[in-house]
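Here the structure comes first, spelled out in structure tokens, and everything after it is commentary.
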Amino acid sequence: MTIIWTKNGVVDDDPWITAGDEDEGKLLSIDEALDRDRGNAPLGVLVKPADDVRALAPVLDSISFIALTFPVFSDGRAFSQAMLLRERLKYKSELRAIGTVLLDHVPLMLRVGIDSFEVSHEPTIERLKQQRLPGIDLHYQPSADAAKPSGGYSWRRTAILNG
């Protein structure tokens, strides 16, 4: 079983597919998206870990959906791709994590601006349905989401100064 999950819960009628031969809702590669005649149809792009998302800059305004691939738990290149899309390229539409999406990474994926998740791991599905995400209170890096002000120092430095 695979589900599509957002911060608001499970999505039952998702129009985007990540596998299959159907043309409607099919995700394009970066090269296909750049070569495609831009009509009024919504455009979805599948980004693989080695892809350079900066190539999408000229067509980002016509892309309504980008799926970032997490092929294995230890491959974090899609985190960097998400930050590039959100922070540098100012992409505002939906970013989805697909592939190996496990519960431990979901809060970090949310921090870099990923909106939705294609999940097939049963324990992760159960926790997401219950809206039970692991909490991460302290962070080393800035993020695409709204972070609480830290007072100017990283938590490590504040802990040392107050320790």
For the pair D115 and T6, evaluate side chain to side chain contact (heavy atoms under 4.5 Å, CB included) and give the outcome as yes or no after the intermediate values.
-> CA-CA 6 Å; D115 304 300; T6 69; 6.0 Å; no
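- Under a hydrophobic-cluster definition in which Ile, Leu, Val, Met, Phe, Trp and Tyr are linked whenever side-chain heavy atoms come within less than 4.5 Å, directly or via other members, L128 and V11 are assigned to different clusters.
- In this structure, the separation between CE on M109 and CG on L133 is 12.0 Å, given to the nearest 0.5 Å.
- Under the 4.5 Å side-chain heavy-atom criterion for ILVMFWY residues, no single connected hydrophobic cluster contains both I4 and L103.
- Both V106 and V10 are part of a single hydrophobic cluster, where members link through side-chain heavy atoms under 4.5 Å apart.
- For R127 (side chain) and R132 (main-chain N/O), a donor-acceptor pair under 3.5 Å exists by modelled atom type.
- A donor-acceptor pair shorter than 3.5 Å cannot be found between the side chains of E94 and S64.
- For the atom pair E32 CD and L46 CG, the distance stands at 9.5 Å (nearest 0.5 Å).
- H121 places a side-chain heavy atom less than 4.5 Å from the side chain of P123.
- Of the possible polar contacts, none joining the E118 side chain to the A67 backbone as a donor-acceptor pair under 3.5 Å is found.
- At a threshold of 4.5 Å between non-hydrogen side-chain atoms, the residues V59 and I63 count as touching.
- In summary, of the residues considered (I98, D51, L85), a side chain to side chain contact (heavy atoms under 4.5 Å, CB included) with L68 occurs for L85 alone.
- Pairing each heavy atom of A55 with each of I30, the nearest pair is CB-CG2, 4.1 Å.
- Salt-bridge check for K90 with D61: failed, with every basic side-chain N at 4.0 Å or more from each acidic carboxylate O.
- Residue T100 holds its OG1 atom at 9.0 Å from CG of D75, rounded to the nearest 0.5 Å.
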Given F79 and L108, is the side chain to side chain contact (heavy atoms under 4.5 Å, CB included) satisfied, shown in steps?
-> CA-CA 8 Å; F79 287 104; L108 303 171; 3.8 Å; yes
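- To the nearest 0.5 Å, atom CD1 of residue I66 and atom OH of residue Y91 are 4.0 Å apart.
- Of all the heavy atoms in R86 and K92, the pair that sits closest is NH1-C, 3.4 Å.
- In this structure, L89 CG and L60 CG are separated by 5.5 Å, a value rounded to the nearest 0.5 Å.
- V112 and L102 fall into different hydrophobic clusters, where Ile, Leu, Val, Met, Phe, Trp and Tyr side chains are chained together by heavy-atom contacts under 4.5 Å.
- The main-chain N or O of V47 is found under 3.5 Å from a side-chain atom of T69 such that the two form a donor-acceptor pair.
- No side-chain heavy atom of R96 sits less than 4.5 Å from a side-chain heavy atom of F117.
- Minimum interatomic distance between I114 and A82 (heavy atoms only, all atoms of both residues): CG1-CB, 4.0 Å.
- Aromatic ring orientation, F70 versus H105: tilted (interplanar angle from 30° to 60°).
- Inter-residue side-chain proximity for F65 and L95 is flagged as unmet; no heavy-atom pair is nearer than 4.5 Å.
- Going from atom CG of L43 over to atom CG of L56 covers 9.0 Å, rounded to the nearest 0.5 Å.
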